[in-house]
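Proteins come first, then strands; the chains are lettered A, B, ... in the order of their sequence lines, and each starts at number 1. Just so you know, these numbers come straight off a predicted model, no measurement behind them.
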Protein chains: 2
Amino acid sequence: MPLLNRVDADPELFRALGDATRRVILDELTDRDGQTLFEICGRLAMKHGLTSSRQAISQHLAVLEGAGLVRTRREGRYKFHHLDTGPLRALVERWPIDREAPP
Amino acid sequence: MPLLNRVDADPELFRALGDATRRVILDELTDRDGQTLFEICGRLAMKHGLTSSRQAISQHLAVLEGAGLVRTRREGRYKFHHLDTGPLRALVERWPIDREAPP
DNA sequence: TTGACAGGCAAGCCGCTACTTGCCTTTACT
DNA sequence: AGTAAAGGCAAGTAGCGGCTTGCCTGTCAA
């Protein structure tokens, strides 16, 4: 096991959040959960003019799934993607966050 | 302005959190706030056997400061580093996180 | 059955970034 | 004054990661 893994928990989660396109995908799934790959591609292009190809988005979804942020459900030739913010709890509990907004 | 910046807020924050060494630095500052560069280097080496050079840590601190996660205070030839988890609030408010733990 | 649709796999390219190396500036101590 | 300590700057290197390209698999409809 690499050295940092004993100290640094779930690096895949942070790596997944490290990319802007993946974050926008999470936003998109927050807005409408359970989309297929092609739906996501289409809506990202419509809403934000993003030019990412289908393979790019597919790889991003794989990373998000690897981090546990996205769960998939197959149905025939469709594959629906569902948001799972569970792993984010570990993130908010790692460092002390003041819950109240500062003045 | 690049395309994604209109959609994706504070990319520097996520980029800062994207590196494992930087996250361990945040842990270290959580444990003992207001350390100098050399203190951080020494304690990371002691506690976790990390081999990062002084310059590496210095650059990491610069990134963290750029993301607003670390604030610095000069005093003579010393420079103390203080943790600021304020930017993390934007992160936890971006996606819906179930506050209760699942069974 | 044939074609279109939704998605997967694998290799290659390229830019970003973490890290090193070497040298410099400023501050403190004796 | 001279030396050590704390830190900064800048250029160069190497490896990872995002994206493309091309082709392949499985599923539904006409």
Side-chain angles (χ1 to χ4, degrees), chain A residues 2-5 7-8 11-26 28-29 34-45 48-67 69-82, chain B residues 2-5 7-8 11-26 28-29 34-45 48-67 69-82:
Chain A
L3 204 73
L4 276 173
N5 279 16
V7 200
D8 179 57
E12 297 188 15
L13 169 65
F14 291 97
R15 198 179 87 72
L17 293 176
D19 183 85
T21 303
R22 282 195 286 267
R23 294 193 293 274
V24 175
I25 291 177
L26 292 182
E28 180 56 35
L29 288 180
Q35 298 188 53
T36 71
L37 171 60
F38 277 71
E39 275 183 283
I40 297 176
C41 290
R43 295 188 46 137
L44 288 191
H48 314 121
L50 295 194
T51 67
S52 310
S53 73
R54 177 181 63 87
Q55 286 82 354
I57 304 271
S58 176
Q59 288 165 4
H60 281 309
L61 285 171
V63 174
L64 289 170
E65 191 172 2
L69 288 168
V70 161
R71 302 201 172 273
T72 59
R73 160 177 58 98
R74 285 219 85 125
E75 207 161 299
R77 63 175 160 176
Y78 297 104
K79 185 178 185 184
F80 301 100
H81 300 265
H82 295 270
Chain B
L3 206 72
L4 276 174
N5 278 14
V7 198
D8 179 57
E12 298 188 19
L13 169 65
F14 292 97
R15 198 178 88 74
L17 292 176
D19 183 85
T21 303
R22 283 196 284 268
R23 294 193 292 273
V24 175
I25 291 178
L26 292 182
E28 180 56 35
L29 288 181
Q35 297 188 55
T36 71
L37 172 58
F38 276 73
E39 277 184 281
I40 296 175
C41 290
R43 297 188 46 137
L44 287 191
H48 314 123
L50 295 193
T51 68
S52 310
S53 74
R54 178 181 61 88
Q55 286 80 355
I57 304 271
S58 176
Q59 288 166 3
H60 281 310
L61 285 171
V63 174
L64 289 171
E65 190 172 2
L69 289 168
V70 162
R71 302 201 172 272
T72 59
R73 160 177 58 96
R74 284 220 85 125
E75 206 160 300
R77 63 173 162 178
Y78 298 104
K79 185 178 184 182
F80 301 100
H81 300 264
H82 295 270

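- Between the side chains of A:Arg71 and A:His82, no donor-acceptor pair is found at a separation under 3.5 Å.
- Rounded to a whole Å, the CZ atom of A:Arg15 is 14 Å from the C1' atom of C:dC16.
- At the phosphate of D:dA6, neither OP1 nor OP2 sits under 4.0 Å from any side-chain N or O atom of B:Thr36.
- You'll find that the side chain of A:Ala56 is closest to D:dC19, out of D:dA6, C:dA18, D:dC19.
- A:Arg74 places its CZ atom 10 Å from the P atom of D:dC28, with the value rounded to the nearest Å.
- No donor-acceptor pair closer than 3.5 Å links the side chain of B:Arg15 to the backbone N or O of B:Ala67.
- Taking atom CZ of B:Arg73 as the reference point, atom P of D:dA6 lies 16 Å away to the nearest angstrom.
- For A:His60, the listed nucleotide lying nearest its side chain is D:dG18; candidates were C:dA18, D:dG8, D:dG18.
- Taking only side-chain nitrogens and oxygens, A:Ser53 comes nearer than 4.0 Å to OP1 or OP2 of D:dT20.
- Contact annotation: A:Arg22 reaches the phosphate of D:dG18 (side-chain N/O to OP1 or OP2, under 4.0 Å).
- B:Phe80 has its CZ atom 11 Å from the P atom of D:dA6, to the nearest Å.
- When rounded to the nearest whole Å, the span between CZ of B:Phe38 and P of C:dT27 equals 16 Å.
- With rounding to whole Å, A:Arg77 atom CZ is found 6 Å from C:dA6 atom P.
- You'll find that the side chain of B:Gln59 is closest to C:dC19, out of C:dC19, D:dG22, D:dC19.
- Nearest-nucleotide positions on DNA chain D for A:Gly76 and A:Ser52 put A:Ser52 closer to the 5' end.
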- Give the C-alpha distance, both sets of side-chain angles, the deciding distance and a yes or no for side chain to side chain contact (heavy atoms under 4.5 Å, CB included) between B:Ile40 and B:Leu61. CA-CA 10 Å; B:Ile40 296 175; B:Leu61 285 171; 4.1 Å; yes
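- For the pair A:Leu44 CG and D:dC19 P, the computed distance is 12 Å after rounding to whole Å.
- A:Arg22 places no side-chain N or O within 3.5 Å of a backbone atom of A:Leu17 that could act as its donor or acceptor partner.
- One can place OH of B:Tyr78 at 11 Å from P of D:dA5, the figure rounded to the nearest angstrom.
- Applying the 4.0 Å criterion to OP1 and OP2 of D:dG8, one finds that B:Lys79 has a side-chain N or O inside that range.
- Of the listed nucleotides (D:dG22, D:dG7, C:dT21), C:dT21 has the atom at the smallest distance from the side chain of B:Gln55.
- Atom CD1 of residue B:Ile25 and atom NE2 of residue B:His60 lie 6.0 Å apart, to the nearest 0.5 angstrom.
- Nearest-nucleotide assignment on DNA chain C puts the 5′-proximal partner with B:Ile57, out of B:Arg54 and B:Ile57.
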